[in-house]
Amino acid sequence: MADSNSRDKKSKSQHPAKGSGHGTSSWGDVIRNSSDTHRLFVFAGGIGGVALLLSVALGMGDFKRFQYSYLVAFMWTLSISLGGLWWVTLQHLVNAKWSIVVRRVGELIAANIGLMAILSLPIVVPALLGNSDLYVWVDSHRMQENHVLHQKSAYLNVPFFAIRVVVYFGFWFLLSQHLLKSSLKQDSEKADTQTVRLRRLAGPAMMGVALTLTFAAIDFLMSLNPMWFSTIFGVYYLAGCVLAIHASLALTLLWLQKRGVLVKTVSQEHFHDIGKMMFAFTIFWAYIAFSQFMLIWYANIPEETHWYLLRAENGWLKVTWFQLIGHFILPFAFLLSRHMKRSRTALALGALWVLFVHYVDMYWLVMPTTFVEGPEVHILDLTCWVGLTGVFVAAVAYRARGLNLVAVGDPRLETSLAFENV
Amino acid sequence: MPTMAGTAGMITLTRPRQLEEPQMSEMHHKKPESQEDAPLFGLLAEYNTPSELILASQKVRDAGFTRWDTFTPFPVHGIDRAMGIKMTRLPWLVLGAALAGLSLAIWLQWWTNAVDYPWIISGKPFWSLPANVPIMFELTVLFAGITAMVGMLVMNGLPEPAHPLDLKRRFARATDDKFFLLVETRDPRFDEVLTRSLLEKSHPAALEDVPEDRTTSAQIPTGLIYGLIVLTAIAVVPFALFAKARTTKSRNTRIHAIADMDSQPKFKTQRENLIFADGRSMRDPVAGTVAQGQLRDDDALYLGKVNGAWARTFPSQVTPTAELMDRGEQRFGIYCAPCHGQSGEGDGMVHLRASKLGQGWVQPSNIHQQYIREQPVGQLFNTITHGIRSMPAYGPQISAEDRWAIVLYLRALEKSRAANLGELTAEQRQNLK
C-alpha cells in the first residue's frame, strides 16, 4: 500500500462519481450504491408520503389526536437524527478511530435535521396560531391559573417558543450540514485538514448540541405538562437519542451489507462496538430514568408526583412496567454477552427491539398527559409513524445516492479498517 | 514491568504454572549464589516489529508449545490469536460476583430495614425497593469491578516479584521499542537444538539464552515483612483509640478539632448576654410597636378566650366546613399523631419507640378521656398553643387557623368514639351494617 502506484489507483477509483452505479474502494469493497438506495427512496418515500397524506385526512376529523400521535412519531424520528448529530460530533470530539468506517452513515442520518425542521411544522404552527390542544401554555389565560404557571410563563410563551424553535433547528441544520460537507470535501482532499478543523469545532459544537437538545426536549415533551418539574429531563431524552442512533446505525449497515455494500469495510469488530454503545446506553437510560423517578418518589411533593401518578394509574401502569422490563431488563440481559453483540442476527434483533421500546418510551412521555384512561392505540399512531419514518428513510436514501458511504479521505481510515476489539 | 502482549484478552494461564514448579520451591531455601553455570531457563528471541513477532508466535503455536510467552511495549492486536490463547473465563467470574453483590445488597437492606430495625422513614414501607436501588447498583458494580481487577491479577499470576528475564539487559527494551518471545525449558516440547533452530527460522534480531535466576532470593525481603507488620500495627492504632473512647469515661474535656465551629461567637436563645442590663439574649420588640402581621387583638381567635373564660364555640372567623375538617385531619397527622397516635389514644410512633427505650418517658394523653372531652374548644386551642405538662408549645409552628382546624378534627375524633346511634341518619345507619 505504501508505493505511489497503488495510491494513484486508489484515488482514481475513489473519485466520487455521482449516480454512476457501484463504486469500489482500494481495498476491493463496494462503497457506493445508487440502484438499491434509489429503490429504497422510491419505496420508503411512496409509503411514507401516502401514510402522511392519510394522517392529514384522518387528522381533519380529530385534530387533537392527530397532534398527539404526530408528536410521538416526530420525537421518535427527531431523536434518530439528533442522536446522529450528537454521535458524529462525539466521534470528532474524542478523535475516535474505530468509527471512521461507519461515520459517513451517521453523518447522512444527522443531515436529516433539515427535513425534521419542515416536519415539525404540524406541531409548531398550531401552537403559533394559538391552538392549545397540545401545549396548554399557548393559552396565556391558563398560565395565570396559579403562581407556578405564572412564573413559568416567562419562558413558556408563544413568541419565545418561536424564537427557540428557530434557534434549535437553525443550529442543528448548520452543524449537520457542516459535518457532512467537510467530510465529503475530505473524500477528495485526502488530507487531515478537515479532521483537525472538525476536532477543534467539536468541543463548542457538543456544548451547543447538549444545550439545544435539552431545551428542545423541555419545550416539545416536558412542557406538555407545564406544572411539572424535572431537572434531568433533557438527559433522559438524550439517552433515547443515543440508543436510537446506534440501533439505526446497526440496521442501516446490515441493510447495506445485505446488498453487498461495505462488506469488507465494516467488520464484526465495528458491529461489536455499536452493540457495546447500545448496551451501555440501555444502562444509561435506566440510570437516568430511575434517578428522575427516585427523587420524585422519595420527596413525594404533589407538583412533581402528579406526572408519575398519571403513569401509575389506569392502563398506564402496565406501560410503566413495560418500560422497566422492556426498555431495561430485557435488552440488558440480551446484549450482555459479547457473542450477541458480535452476531449480526442478534444485533439486528436487539436494534429493532431498542427502536420499538424507544417508540413506546415516546408514547409514554406524550400520551398520558391527555389520554389519562390508558393507552388507546389509534390508527393515527400507525399512519403518523409510518409516514414520518418512511419520509425520513427516503430522505437518507436520497441523500446517500451515489455518495461514498465511507469517509475514504480520512487519513486514519486504515486504522479504522484494521480495528480489533482484542 | 513490560506489558503482557495484548490487553484483557491476554489473561493467559502460562504464568501461574511457573509458581507450581517444584524446582522453584526448592530454590526458596537456597542462598543466592553465582549466576555462572546456572541451568537454562529458556530461549529469548527479539524482534523489531510486531508483525515479525506475530509470525514467529504462529510458528511456535503451531509447533505445539504451551509454556511460552510474548512481551511487547504496547498491546498488539491479534497476538492472542497468533499465540493460540483461548477466550478468558473472567467474564463469568465477574457476572457471578455482580449477582452476588446484587443479592447481598437486597438482603442487607431487607434485613436491616424490615427485620432487625424496622422503622418508618418518610412514610414509606419498611422495606421499600425504590429506596434500595442505589445500593443494589453500587454493590453490583463494586463486586464486579473488584472481581475483574483481582481476577485479572490472579489469573495472570501477578504480582510476580522476580523473573529470570529481569536479569537480561536486552529485555529492558520490552518497555520501549522491542518485541520478545520466550520459550521456557519446562515446556514438554522443548529441545535445546530443535527449539533454537525453530526460533532462528523466524529471523529474530537476536536470540539469547536465558539462565535461571540464581542471584535473586525467591524469599520476600525481611525488611519488607517487618515494614508491613509495623505499618499494619500503626494502621490499627486509630481504630483502637476509637474503640477505647467508646467504652471508657474520661474527666478530660473533649478534643475540639475545629474549635470555632464547636463554640461559635454568637448568642443563642435563652443564653445569658452580658451586653444588656437584663442579661437576656432575646430582646423584646420596641415598646409600643407591633411587627407587621403580628397584631393579635382578637382574643377569641388567638387565645381561645371570650371575656376571660375559655370559649365554648369556634370564633366567628372559623367556619366548620368539610375542607376545614380535612385540613385539621392533615395537620393532626403531621403534628399530633407522632405522639398521640392516629386515633388519639396516646400510642403514636414516638411513644412506642420511647417506651421501648425506657428512659423515663411519660405516655401522651389519650384524648378520649372524659375530662378532655368535656374541655371547651378554647381550652383545647390553648393547650395546642402553649403545650401542657411535657407536651411542648405548638403555637409558633402552627398558624391559629390550623390550630382551630385541629381542634375541629379533635372534636370529630372524640365524637367517633362516643356517638349515639340516634345521632346518625338512616343512610349512615345502613352503612354500619
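A note on names: the letters A, B, ... follow the listed sequences, proteins ahead of strands, and every chain is numbered from 1.
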Among residues 291-309 of chain A, residues within the sub-4.5 Å heavy-atom range of chain B, in order of number, are A:Phe293, A:Met294, A:Trp297, A:Tyr298, A:Asn300
Is B:Trp119 atom CH2 crowded by more than 12 heavy atoms from other residues, nucleotides or ligands, each under 6.0 Å away? yes
Solution key, residues 90-97 of chain A side-chain donor-acceptor pairs under 3.5 Å, sequence neighbours excluded:
from    : atom 1 : to       : atom 2 : distance (Å)
A:Gln91 : OE1    : A:Ser99  : OG     : 2.8
A:Gln91 : NE2    : A:Trp87  : O      : 3.2
A:Asn95 : OD1    : A:Arg199 : NH2    : 3.4
A:Asn95 : OD1    : A:Arg412 : NH1    : 2.3

Nearest heavy-atom contact between B:Arg81 and A:Glu420 is NH2-OE1, 2.6 Å
For a side chain to side chain contact (heavy atoms under 4.5 Å, CB included) check, start with the C-alpha distance between B:Met87 and A:His339, then their side-chain angles and the critical distance, and finish with the verdict. CA-CA 12 Å; B:Met87 195 64 203; A:His339 303 292; 5.7 Å; no
Just checking A:Arg344: does its CZ atom have more than 12 heavy atoms from other residues, nucleotides or ligands closer to it than 6.0 angstrom? yes
Please tabulate, for the side chains in residues 325-340 of chain B, all donor-acceptor contacts under 3.5 angstrom to protein atoms that are two or more places apart in sequence or on a different chain.
from     : atom 1 : to       : atom 2 : distance (Å)
B:Arg327 : NE     : B:Asp402 : OD1    : 2.9
B:Arg327 : NH2    : B:Asp402 : OD2    : 2.8
B:His340 : ND1    : B:Ser365 : O      : 2.9

Please classify the contact of A:Phe419 with chain B as side chain, backbone, both or neither, using a heavy-atom distance under 4.5 Å. neither
If the contact rule is any heavy atom under 4.5 Å from chain A, which residues of residues 132-148 of chain B qualify, in numerical order? B:Val133, B:Pro134, B:Phe137
